[in-house]
Structure formats: C-alpha cells, structure tokens
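Heads up: the structure comes next, in structure tokens.
Proteins get letters first, then strands, A, B, ... in listed order; numbering begins at 1 in each.
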Amino acid sequence: MILPALAFYLFAAVLVLAGMLVITARNPVHSVLFLILAFFNAAGLFVLIGAEFVAMILVIVYVGAVAVLFLFVVMMLDINFQELRKGFLRYLPAGLAVGAALLAELGLVISGWVYAGPADSVRAAPTPESVGNAQALGDLLYTQYAFIFEASGLVLLVAMIGAIVLTLRSRKGVRRQVIADQLARRREDVVAVVKVRTGEGV
Amino acid sequence: MADFLALHLGLPLTWATLVAIILKILVITVPLLIAMAMMTYMERKVLAAIQLRQGPILVGPFGLLQPFADGLKLMTKETIIPAGANRAVFLVAPMITFILALVAWAVIPFGEGLVLSDINVGVLYLFAISSLGVYGIIMSGWASNSKYAFLGGLRSAAQMVSYEVSIGFVIITVLLCVGSLNLSDIVRAQTHLWFCIPLFPMFVVFFISALAETNRAPFDLPEGESELVGGFHTEYSAMTFALFFLGEYISMLLMSGMTSILFLGGWQPFPLLGFIPGPLNLIIKICLLMFVFIWVRGTLPRYRYDQLMRLGWKVFLPFSLVWVILTSGFLVYFDKLPH
C-alpha cells in the first residue's frame, strides 16, 4: 500500500520541521507548542511500526502531563530573549560538541542493531500474532528486566521526594482549613438559643 | 460496506474503502453535533425546571429549535481578535478543543462490532485524547493576552492534570478486572455484572473526576463567572466561542459515554429491558448521565480552588490507589485474574 509510506513521510517531515522550530522559534511558548507537535508525530511513527501501546503512553505521559507542566512554567517566565541570545557564539562550540556526542551515540546504537550477530535472526522472526505489544512489553519488563525496572522506579521516587523536600517550606502564622475539625463541629457546641428581651440585648 | 459501494457504484476498491470510511465518520459526527445541540436545550430546560422557570419556549414547538437559533446567531456575529493577542495560537486553540472532542468518538463501541476503529489500546487512546483537552484551554488563556483568560487557563491546567491521575487509577482498576485495553472487550466483560456494582466507589470517583475533567459545576473554576468574567474564553466571540462551546459539550457526552462503557455495561441491555437494541442502550445511558451532569450543576455550589485541589490530591488519589491495590489483591487471592 502507498498509504503507510505517505503517512510515514508526512509524520517524519513534520517531526523534523517541528524539531527545527523548537530551537529556532523566537517565542518560548511557541517552542513548547512545537515540541508538543514533535511528540505527536513521534507517536504517529510509533503507530506506523505497530507499537501502538508505546505511542499512546508517549502521548499520555509526555504530551498529556510533562509538556503541560512545561508550558505552565514557560508561560509564567518573563525571559528577555535578546539578552539570552547574546552568548550564542560563545556557547556554540560546547553546543556543537554535545550535539556531536549525541549523534555518535545514536550512530552506535543503530549500527549495533544493524550489524550485531543475533540481530538478523531477531528481525527475521515474524511478529507473533497472538501477543499484543502491551503484553509483550509487560512480559519483558516484569520478568527479564524486573530489577532494572524497579530500580528506575525507585530513582524516580527519590527524585520526587527530593523535589518536595526542596520546595516545601512551612510558614508560621498561616491559618489552615482543617476539614476534619469543621466536620466534627456539633450543633450543641456552637449554637446557643437565647431569648432576647426587647431593649436589653444578649 | 466498501464491497457494497464497489459493487453498486463501480468504484475501484481503494476509493470505495475511502468513501466508506468517510461515510462512517459522518454517521457518527452528524448525530453527535445534533445531540450536542439538543443537550444545550436539555440543559436549559432541566435547569429551568430545577429553578421553577419555563426555559426556552418561543422558538419552535416547546422551544425545540432554540439551539439552532443560537447557532445561527453565533455564525452571523463578528469574530473579534484582540489587538494584543497572539493570532495564530488564539485561532488554533478553539479548533484543537473541538477536534479533540470529536476524534475521541472513533473508538467508542455503539454495539457488538459497531465501532469505527476497534483498536487494541482503546482505553489508552481515550485517556490520551481527554488529557490533551487541556491544551485548547491553556493555549486560549495564554494567547488572549488578558489576565482573566490567563488565570482561567492556569486554573484549568492544574485542575485537569490533578484529576487525570485519579481517572488513570480508576481505569487501571477496570482493566485489572477485564484483562484487555479494548473497549469492546470491556463491555463484553460486563455481560453478567456491570462494573458499577463491584466497583461502586470507583464509579463515584470516576464520575466526579469526569465533572472536574470537563470543567463542569461544581468544578467550573476555569470559567468562574463571578471572579473571572468568562475565564479562558473571555476574549472569544462568534464561531471561535461556539467551537469552545461545542467542544465542551461533546467532551461531556464523551465522558458520559466513557462512564457508561467502563461501569454501566456500554451497549448491554438494562435488566428486564432486554428488548431494547444495543446502540439505543448506550444512548439511553449517556442521556441519563448527562441528566446527572445538569442535575449536579443545578444543585451544588462552586468549590473553592484549594478545596478542589485537596479533594483531587488528598482524597481521590490515595483512595483510588488503595482500591487498585485491594482489587488486584482480591483478584490474585481468589485466582480470578483474567487470562
């Protein structure tokens, strides 16, 4: 069919274009919005290779939660972009070095996949029909890689607690609403019915 | 259907498939838009009855044509774009809201086999789409370049992200009992017992979170008119406003549909009323839930913002987490896990 090929080129082209625009857009909010577009197209590519579970998780986690908070923060920032662009030439070599390192790693991963000995047999094996990809992922994660998976969960937990510890500060003199106390109030404790005679007051 | 078109209209099979898909999409969206129009009518009538008024009575019999008159009015009005607004984002935001509300219906099963796209990860797709709904609101709030709209957008972003967490846990409990992410499988698993009976607390949590997710009363703080004028759509007029309105009501219908599918047995017939055909069962359930949406709006006062956050994070989140653990423990102990 020609349709999947067309869809692939559409998603890939928009993905690359959106990625470019993320770093070139003048407005930081536009950058985040293009980033979201890039996530979307990446999810589309995942669907095309039959990894619909990963695609949906990408949309739910990155687009639905992470990028929302990102956007939230960026909207609140008051950045002077002319100021920020001043050091462009000075940081260019460092940026290029990081880019080159990432590209080299990507190349290593891909060549490892293409040239590794057992990879051919893995690719030649047909995708089993009966196992959905949520099930296949779950089988791998919770059996073969259970320890690594749990450990990465722990790392995230530590990061979360760290974030809370860093931002939590208790201020004195703040009156907080204690719902349990409010619910525990009874009519007898707080209401008194008095007969008031005219001209005398309570 | 594609075969039928290819045979009788003489179209090549690929074109026939394409035409068939477009026809199916229209068969879902057109009734959906009409249903949305009638929803606004129902809302006004039910609220009127709650407040001992008459509601719309002048346009058409019983005021039935009122929503269409309103629609026409909105179409003929002028679209105003504020001078300081970010034009592109300002115009894209309502479109996103509207499109997201519509595309989610692609996976809703209306009956056995009556579904546009029967994908394996149906629940995740619905969850993803409903969590994207926040973008329309937050973008409109930012692009309007107005303080009211911005505050409304921020409130809504925080609120929707918070309540999504408990919605996620509720969905996980249902998935534990079904063993599949496919919406049709979820409905089939409820042939003998609707999940609202064994999972009643989760049903309540889900419905309340649905109210918060769709920004409905008592959680309608993003557009709280008493403090924020109109919230995120303060600056919108004419059709741009209408798209927000359409999107909001369609996502309410969608949340009702999701509640029916996850907890009320989807197209499965009501007890003792087995003669009602499948799709009609789902429609009746959606209408009943929509009535509850309106009933809640007519009854409860608006939450304060800190109370809303407290309810989401300190009540619903721990509660639903405990229920996930209890349900999985129960299923493992009695060896009832679906395989």
Side-chain angles (χ1 to χ4, degrees), chain A residues 1-3 21 25-37 39-40 43-44 46-47 50-77 129-138 164 174-180 182, chain B residues 14 17-18 21 86 88-89 92-93 96 100 107 117 119-135 137-139 141-143 145 149-151 153-162 164-165 167-168 171 175 179-182 185 213 304 306-307 310-311 314-315 339:
Chain A
M1 269 292 268
I2 195 168
L3 212 59
L21 285 166
R26 278 172 179 272
N27 191 325
V29 174
H30 289 175
S31 286
V32 179
L33 292 176
F34 282 123
L35 184 68
I36 293 158
L37 186 63
F39 281 145
F40 246 117
F46 275 124
V47 170
E52 70 265 13
F53 182 74
V54 185
M56 290 305 148
I57 294 297
L58 182 76
V59 174
I60 292 171
V61 175
Y62 283 91
V63 185
V66 175
V68 173
L69 298 179
F70 225 65
L71 195 62
F72 205 99
V73 174
V74 169
M75 278 180 180
M76 305 280 228
L77 292 180
E129 283 291 318
S130 57
V131 182
N133 63 61
Q135 199 182 343
L137 267 178
I164 294 174
V174 179
R175 287 183 62 200
R176 287 188 188 282
Q177 179 181 27
V178 184
I179 305 249
Q182 291 180 345
Chain B
T14 41
T17 318
L18 206 64
I21 291 175
N86 193 313
V89 182
V92 165
I96 288 184
L100 284 177
V107 295
S117 142
I119 57 176
N120 279 331
V121 287
V123 179
L124 285 181
Y125 175 80
L126 273 186
F127 190 54
I129 296 294
S130 73
S131 69
L132 291 178
V134 66
Y135 280 110
I137 293 174
I138 197 171
M139 280 164 73
W142 178 77
N145 199 12
F150 190 54
L151 283 174
L154 289 184
R155 277 186 183 185
S156 152
Q159 171 179 336
M160 289 171 90
V161 170
S162 311
E164 250 155 46
V165 184
I167 287 190
I171 290 177
L175 294 183
S180 164
L181 292 164
N182 185 303
D185 285 347
E213 186 79 4
R304 213 173 61 199
D306 62 317
Q307 291 173 335
R310 176 183 167 275
L311 184 70
K314 292 189 177 172
V315 180
H339 291 292

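The candidate with the highest count of non-hydrogen atom pairs below 4.5 Å against chain A, out of B:Val161, B:Val92, B:Leu124, is B:Leu124. When each of A:Val59, A:Leu71, A:Val68 is checked for heavy-atom pairs under 4.5 Å with chain B, A:Val68 comes out on top. Counting heavy-atom pairs under 4.5 Å between each of B:Asn86, B:Ile119, B:Asn120 and chain A puts B:Asn86 at the top.
Contact of B:Ile129 with chain A is not made at all, since no heavy-atom distance falls under 4.5 Å. For a residue to count as touching a neighbouring chain, one of its non-hydrogen atoms must lie under 4.5 Å from one of that chain's; by this rule A:Leu58 does not touch chain B. Using a 4.5 Å cut-off between heavy atoms, A:Ala67 contacts chain B through both its backbone and its side chain. For a residue to count as touching a neighbouring chain, one of its non-hydrogen atoms must lie under 4.5 Å from one of that chain's; by this rule B:Leu132 touches chain A with the side chain only. If you measure heavy-atom distances from B:Val89 to chain A, the contacts under 4.5 Å come from the side chain alone.
No side-chain donor-acceptor contact under 3.5 Å links B:Arg310 and A:Gln177.
Here the shortest heavy-atom pairing between B:Ile138 and B:Ala157 reads CD1-CB, 3.6 Å. Taking each heavy atom of B:Met139 and B:Ala93 in turn, the nearest pair found is CB-CB, 4.0 Å.
Using a 4.5 Å heavy-atom cutoff, the side chains of A:Phe70 and A:Ile36 are not in contact.
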